[in-house]
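Here is the structure we will look at.
Counting starts at 1 for both ligands and their atoms, in listed order.
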Amino acid sequence: MSLLSANNLPEGIRTFEYDRDTVTSGIVHFGIGNFHRAHQAVYCDDLLNQGATKWGITGVSLRSSSMKDALEPQDYLYTLATLGQTTEYRIIGSIKHVLVAPDAPNEVIDLIAKTSTQLVSSTITEKGYCLTSGKVDFDHPDLQLELASLDAPKTIYGFLACGLIQRAQDDSARAKLTIMCCDNISKGGELLKAGVSRLLLQHSPITLEWAQTHVGFISSMVDRVCPATDDALRTSVRCDTGRDDAWPVSAEPFTQWIIEDGFVGERPNFNQVGAVFVDDIAPFEQMKLRYLNAAHTMASTLGYLSGDTFVHEALLRPEVLDFMRQALRQNVLPHAAVPSGYNGSDYIEEVIKRFQNGNLPYANLQVGTDSSQKIQQRWFPTINIAVAASANIPYFEFCLGAWVVFIHIALENDVLNDPKLEQFTQVETDDMNQRVLSYLTIASANDFSFFNQPEFLQAVTQHAETIRANGVASTLTEFLVLQTQKEPNHA
Ligand code: CS2
């Protein structure tokens, strides 16, 4: 079996059509994970196929060397397996190199400073932004270290600040740079600007001044469901392509990229390969987070408690499918507008259809990873709006109760993967009301006004108690019977 290469591929295996030796890295991307490799890197591969050879990618890993270690021996090529009704394979060549920031900090800084770099983007997951209640938390230990000194940057903010300080030595138009967030967070570009600006104010006010005219911070809405890679995928790739790929990636057929058009340097023509540039990104971020991502966390939480491994298995349960659909229709749709040209009810059905893809092994525990950070973006804003409007949101009362039970059981099973793991383990009480208050506080719910509504919290506790005592299936069924009686449009 030969190592992955783009030569002599079997019939039907698509590969790139450009000479990789002519490709330069106009893009530096923080967070070379599966999502980036199945999303932005594919749009870049399409651009490179059109001859725009300056839009290759150098990846930066802020923590682990595992992706570099896996891809370097295969010259950073990898296989994308698109899991529709059939599986389609494609060799992606847009990633030219990967740096591991802790091992090569100066190379990372030099790359950000290099004027041939025109775009820095990020998929570092919610926890990578050091947020509390959706804002950059400058009390975070890593940011405290960087406020004291930029000699050893640790966060994306630190590396960007160091790179801009170096880049600011060149005052030309070539030095203009766009920094783009590609994570599932609201106003990600503004968060990047806030973190970088605070460090520049501390360490180089002159660079902060320079950045006002030379650096643009933008957000984007990214969408493609991409499961974690397992040995089953590696085996499929080996059998179907005749190549060994150390770290292939799989994804659903659907892909979407909406980009805030605030570029200040050169702008890759992503709109020529399926992305859309918009002036106002907020409606798209809101639709993605409060419909798709909110539903993903609902389905995966109920699915895990039901004993299912994957999201599509959970949605084979009528009670889970009905809950997710009605939660979106009854408790999200009235409080979260969708962009003009979109229909919320249609979007809900499209999301459900995508999640029901039985060829897409997306694990409930993968969605459950970092859930203390995710629900702040996905659930809390809608809850806050509804509670402030004195609107009933029984589905959020239920799924928040289910989330509390998920955290507790995942802890007992030693499978909880969350940046607040230590705090969760320190909650030792038999009182469910206390557990609810403690877990929600750990998830920063106390920063939201709904946390001061005792009726809401009592309902959450009651559901948590019943789910813990009777199991999720019967509790969910009873809940839905009640809701069906109350909701004339519950269909
Ligand atoms: C998922 C997202 O794991 C998760 O939290 O909800 O990664 C989701 O698959 C993507 O946002 C889909 O675009």
Side-chain angles (χ1 to χ4, degrees), residues 31-43 80 82-83 121-129 131 181-186 188 219-230 249-259 274-276 281 284-304 308-315 320 324 327-328 332 347-348 350-357 359-382 399 403 406-407 410 415-420 443:
I32 290 289
N34 273 13
F35 180 79
H36 169 73
R37 296 193 299 141
H39 185 264
Q40 182 179 338
V42 179
Y43 286 92
L80 166 65
T82 301
L83 307 177
S121 47
S122 61
T123 48
I124 53 176
T125 77
E126 294 88 344
K127 60 179 175 291
Y129 295 87
L131 303 179
C181 175
C182 295
D183 272 295
N184 286 319
I185 52 176
S186 181
S219 302
S220 71
M221 185 272 258
V222 293
D223 191 0
R224 193 170 198 181
V225 180
C226 313
T229 296
D230 58 14
V249 62
S250 66
E252 64 172 330
F254 179 92
T255 186
Q256 185 176 28
W257 196 9
I258 310 290
I259 305 171
V276 176
I281 191 70
F284 295 93
E285 288 179 331
Q286 175 169 288
M287 179 175 72
K288 173 69 184 341
L289 284 164
R290 300 191 194 172
Y291 284 81
L292 184 143
N293 291 121
H296 224 187
T297 298
M298 290 174 187
S300 63
T301 299
L302 298 175
Y304 178 78
D308 299 319
T309 302
F310 299 116
V311 170
H312 67 266
E313 292 172 335
L315 294 179
V320 175
M324 193 180 83
L328 292 176
V332 175
Y347 185 68
I348 290 169
E350 286 162 24
V351 165
I352 289 172
K353 191 162 183 284
R354 289 171 55 193
F355 288 172
Q356 289 177 313
N357 179 351
N359 298 316
L360 193 69
Y362 205 92
N364 292 317
L365 278 178
Q366 180 170 350
V367 188
T369 297
D370 303 343
S371 68
S372 68
Q373 311 302 298
K374 290 178 179 178
I375 59 176
Q376 298 179 45
Q377 299 277 341
R378 302 175 179 197
W379 291 359
F380 290 176
T382 304
C399 63
W403 174 79
F406 157 71
I407 294 288
V415 296
L416 185 65
N417 184 356
D418 195 288
K420 301 292 187 182

| query | Are Y362 and H312 an aromatic pair by the rule of ring centers under 6.0 Å? | reply | no
Which atoms of ligand 1 have any heavy atom of [X] under 4.0 Å away?
X    : result
Q366 : 3 (O)
K374 : 3 (O), 4 (C), 5 (O)
R224 : 12 (C), 13 (O)

| message | Below 30° counts as parallel, above 60° as perpendicular, anything between as tilted: where do the rings of Y304 and F406 land? | response | perpendicular
| What pairs with R378 under salt bridge (charged side-chain N to carboxylate O under 4.0 Å, His left out), at least two apart in sequence or on another chain? | E126
For [atom], which protein heavy atom lies nearest, and how many Å away is it?
atom                    : value
atom 10 (C) of ligand 1 : K288 NZ, 3.7 Å
atom 1 (C) of ligand 1  : H296 ND1, 3.1 Å
atom 12 (C) of ligand 1 : D223 OD1, 3.4 Å

| With distance as the sole criterion, is a donor-acceptor pair present between the side chains of N293 and K374 under 3.5 Å? | no
| task | Sequence neighbours left out, what passes ring-ring contact (aromatic ring centres under 6.0 Å, His included) with H39? Give chain and number order. | result | F35, Y43, W257
| Donor-acceptor pair, N364 side chain versus D308 backbone, under 3.5 Å? | yes
| Is Y362 in polar range of ligand 1, meaning some N or O pair under 3.5 Å apart? | yes
| Is R378 near ligand 1, meaning one of its heavy atoms is under 4.0 Å from it? | yes
